[in-house]
Amino acid sequence: MANDDYQHAMAELRDQKVRLTPQRKIILQYLISHHNHPSAETVFSALKDYVDNISVATVYNTLKLFVDHGLVIELKNGDGSTHFDYFGHPHYHVVCDNCGKITDVFDDQFAKISQSLEQTTRDKSGYLVTGNHVEIHGICPECQHKLHLI
Ligand code: ZN
Ligand code: MN
């Protein structure tokens, strides 16, 4: 699955004439195989010992490049930092208001719901819609315990 995703993403970038440097390939591999919604700093810390000529700036610029090419989305979780997520499989997010954790929600209906949201937005606002990111807020199970809510 992760390898298929990687091959698919590489083909996509090649089609869009993006130069595939070793750093870019490894950052892409990291994103596809980790579901931790990392910041650029997290990706840098994980890779710095294995990859030559890598800096936080390289990682950040690469992540932005993937965002521009529609493979990755940017997320804010309210702590002021930016997190990144490989978005090959459409899903939405639920964010904990207490600890800031971002959790994936996969739902068979989501592709349909997402299309419907975009269509309605086009119809009602006249925008040329380029994408969406659905985010639900709440308190995660761990924080519900910590806060004695359950
Ligand atoms: Zn929490
Ligand atoms: Mn996600």
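What's counted below: heavy atoms across the whole structure, side chains too, no hydrogens, waters or symmetry copies. One-based numbering, in listed order, for ligands and for the atoms of each. All residue numbers in this chain count up from 1 along the given sequence.
A heavy-atom distance below 4.5 Å is not found between the side chains of His145 and Cys143. Between Gln23 and Val59, the closest side-chain pair of non-hydrogen atoms is not below 4.5 Å. Val95 is not listed as a side-chain neighbour of Thr103, based on a closest heavy-atom distance of 4.5 Å or more. Residues Phe106 and Asp104 form a side-chain contact, since some pair of their non-hydrogen atoms from C-beta on lies under 4.5 Å apart.
Between His37 and His35, a ring centre-to-centre spacing not shorter than 6.0 Å is recorded.
Around the Zn ion (ligand 1), the two atoms SG of Cys99 and SG of Cys96 are separated by an angle of 110°, to 10 degrees. Rounding to 10°, one obtains 100° for the angle at the Zn ion (ligand 1) between SG (Cys140) and SG (Cys143).
Closer than 2.8 Å to the Mn ion (ligand 2) sit the protein N, O or S atoms His37 NE2, Asp85 OD2, His91 NE2, His93 NE2, Asp104 OD1.
Between Phe87 and His93, the ring planes are tilted. Angles from 30° to 60° get that label.
Atom CZ in Arg122 sits 14.5 Å away from atom OH in Tyr127 (nearest 0.5 Å).
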